[in-house]
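Note sheet for the following structure.
All heavy atoms count here, side chains included; hydrogens, waters and symmetry mates do not. Given the structure is predicted, the values throughout are model-derived calculations rather than measurements.
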Amino acid sequence: DAEEGIGEGITGFAKLELGVDADDSNNNPLDSRLALVGLNFGPVGSLSAGRQSSPFTDNVSGHTDVFEVYGSSADQNLFTRDTNTIAYSNNIGKLTFDGLVKIDGSTGKDGVDVQEGTLTYDAGAVSVSGGMSGDEVNDIYYYGIGITADASSLGVPVTIGYTHTEKDAATDVTGNEVVATYTKGKAKLTGGYGKVEDSTAYYTAGLTYGITESLSTYAEYQHTDNTGSTVDTDGYSTGLKFTF
């Protein structure tokens with residue numbers, strides 16, 4: 001991250017993220033994640049452009065997207081991050097608005113290809129987000145709401161998150177997710193359940209332990225309960241995570 005004051009209360013900023021894929025077999029272990037530049041106008045809000053993350057996925061699906069590898073499988077959303085985007089963000093008190101548009105002539109469509117907007121209310125112990133995401137090229141729209149409740153202020157070390165998302169297309173799809181995290185010292189135990197209406201259900205569990213302030217280890221499991229003749233599957237994952 002980089003930030004520099006320009007004057008008149010305006011600040012310029014930039015962000016570049018790189019992901020490392022240690023198992024890559026194509027001699028390209030670095031994956032571009034976020035790459036953006038922008039201006040922060042203070043009370044007026046901030047404007048940025050580049051490869052950016054989806055406000056809908058971050059703010060709505062983010063209430064249940066708490067696992068390292070699995071989880072959030074029933075959430076309906078358009079994308080995680082994308083290029084050729086312009087984003088605007090502003091907050092007034094406990095309310096935050098985040099908006100994004102994508103304009104990409106390669107789709108053959110004139111004007112806006114993707115538009116998103118979310119509104120988040122954060123009261124500390126309870127946070128609520130709602131919004132929409134529109135794929136204008138394919139005429140597909142997503143709507144959702146997410147809620148997180150943290151009971152730690154009441155002496156109960158449990159956090160619960162819930163999301164309800166809908167994909168409005170030729171065939172509508174509705175997804176519901178709920179997660180609960182119990183924290184004890186440096187350890188976190190999380191369980192989750194996701195269900196696509198009239199379709200697949202997901203059962204997820206994970207344990208995370210903080211070895212140091214920056215280094216943690218995790219182990220996760222997910223059972224996918226498929227419908228019809230499709231065989232159910234089980235997935236396991238473990239690893240180390242270093243944050244810097």
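- Proximity of a side-chain donor or acceptor of Thr238 to a complementary backbone N or O of Tyr218 within less than 3.5 Å is detected.
- Side-chain contact check for Thr163 and Thr64: at least one donor-acceptor pair (N or O, by modelled atom type) lies under 3.5 Å.
- A pairwise comparison of heavy atoms in Tyr70 and Tyr236 identifies OH-N, 3.0 Å as the closest pair.
- Counting heavy atoms from C-beta outward, Glu116 and Phe79 have side chains that approach closer than 4.5 Å.
- For Gln222 (side chain) and Gly71 (main-chain N/O), a donor-acceptor pair under 3.5 Å exists by modelled atom type.
- Cluster membership for Phe97 and Val44, using ILVMFWY side-chain heavy atoms within less than 4.5 angstrom, is shared.
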Problem - Residues Ser46, Phe13; criterion side chain to side chain contact (heavy atoms under 4.5 Å, CB included); working and verdict - result: CA-CA 10 Å; Ser46 63; Phe13 61 89; 4.2 Å; yes
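- Within the 3.5 Å criterion, the main-chain N or O of Gly50 finds a donor-acceptor partner in the side chain of Thr85.
- Here the closest non-hydrogen pair linking Ala74 and Thr165 is O-OG1, 4.2 Å.
- Within the 3.5 Å criterion, the main-chain N or O of Leu34 finds no donor-acceptor partner in the side chain of Arg81.
- Considering CG of Asn40 and CD1 of Ile10, their distance stands at 9.5 Å, rounded to 0.5 Å.
- When all heavy atoms of Glu177 and Ser73 are compared, the closest pair comes out as OE2-N, 2.9 Å.
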Practice task
Evaluate the criterion side chain to side chain contact (heavy atoms under 4.5 Å, CB included) for residue pair Asp168 and Tyr143; output intermediate values, then yes/no.
Solution key: CA-CA 8 Å; Asp168 182 6; Tyr143 305 92; 4.0 Å; yes
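- A donor-acceptor pair under 3.5 Å is absent between the side-chain atoms of Asp139 and the main chain of Ala169, judged by distance alone.
- In this structure, the separation between OG on Ser133 and CD on Gln115 is 9.0 Å, given to the nearest 0.5 Å.
- A heavy-atom distance below 4.5 Å is not found between the side chains of Asp232 and Asp234.
- Closest non-hydrogen pair, Ile103 versus Gly111, comes out as CG2-O, 3.6 Å.
- Grouping the Ile, Leu, Val, Met, Phe, Trp and Tyr side chains by contacts below 4.5 angstrom, directly or via other members, places Val173 apart from Val178.
- When the options Val60, Asn59, Asp58 are evaluated for a side chain to side chain contact (heavy atoms under 4.5 Å, CB included) with Phe56, the one that passes is Val60.
- No donor-acceptor contact under 3.5 angstrom links the side chains of Tyr202 and Asp225, judged on distance only.
- There is no side-chain donor-acceptor pair under 3.5 Å between Glu220 and Ser237.
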Handout entry: Verdict with reasoning, Ser54 to Thr80, per side chain to side chain contact (heavy atoms under 4.5 Å, CB included)
Key = CA-CA 5 Å; Ser54 159; Thr80 301; over 6 Å; no
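- Between Lys102 and Asp113, none of the side-chain N atoms (NZ, or NE/NH1/NH2) sits under 4.0 Å from a carboxylate O, so this pair counts as no salt bridge.
- Here the OG1 atom belonging to Thr217 is positioned 5.5 Å from the CD1 atom belonging to Ile211, to the nearest 0.5 angstrom.
- Residues Thr148 and Ile160 form no side-chain contact, since every pair of their non-hydrogen atoms from C-beta on lies 4.5 Å or further apart.
- When the shell of 6.0 Å around CD1 of Ile92 is examined, it contains 12 or fewer heavy atoms from other residues, nucleotides or ligands.
- Nearest heavy atoms, Thr57 versus Ser61: O-CB, 3.3 Å.
- Judged by distance alone, the side chains of Asp98 and Tyr88 never bring a donor and an acceptor atom under 3.5 Å apart.
- Side chains of Glu136 and Tyr141: a donor-acceptor N/O pair is present below 3.5 angstrom, by distance only.
- Rounding to the nearest 0.5 angstrom, the gap separating the CD1 atom in Ile86 from the OG atom in Ser48 is 9.0 Å.
- Between Gln76 and Glu166, the side chains place no donor N or O within less than 3.5 Å of an acceptor N or O (distance only, hydrogens not considered).
- Here Asp122 does not pair with Lys94 in a salt bridge; the nearest charged N to carboxylate O distance is not below 4.0 Å.
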In residues 179-196, what donor-acceptor pairs under 3.5 Å come from side-chain atoms, sequence neighbours left out?
residue, atom, partner, partner atom, Å
Thr181, OG1, Thr190, OG1, 3.0
Lys195, NZ, Ser199, O, 2.6

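- Atom CG of Asp135 sits about 5.0 Å away from atom CG of Leu78, to the nearest 0.5 Å.
- Rounding to the nearest 0.5 angstrom, the gap separating the CD1 atom in Ile147 from the NE2 atom in His164 is 11.0 Å.
- Remark: the backbone N or O of Ser72 is not paired with any side-chain donor or acceptor of Asp65 at under 3.5 angstrom.
- In the hydrophobic clustering of ILVMFWY residues, with side-chain heavy atoms under 4.5 Å counting as a link, Leu215 and Val69 come out apart.
- The closest donor-acceptor contact from the side chain of Ser216 to the backbone of Tyr209 lies at 3.5 Å or more, if one exists at all.
- Under a hydrophobic-cluster definition in which Ile, Leu, Val, Met, Phe, Trp and Tyr are linked whenever side-chain heavy atoms come within less than 4.5 Å, directly or via other members, Tyr203 and Tyr162 are assigned to the same cluster.
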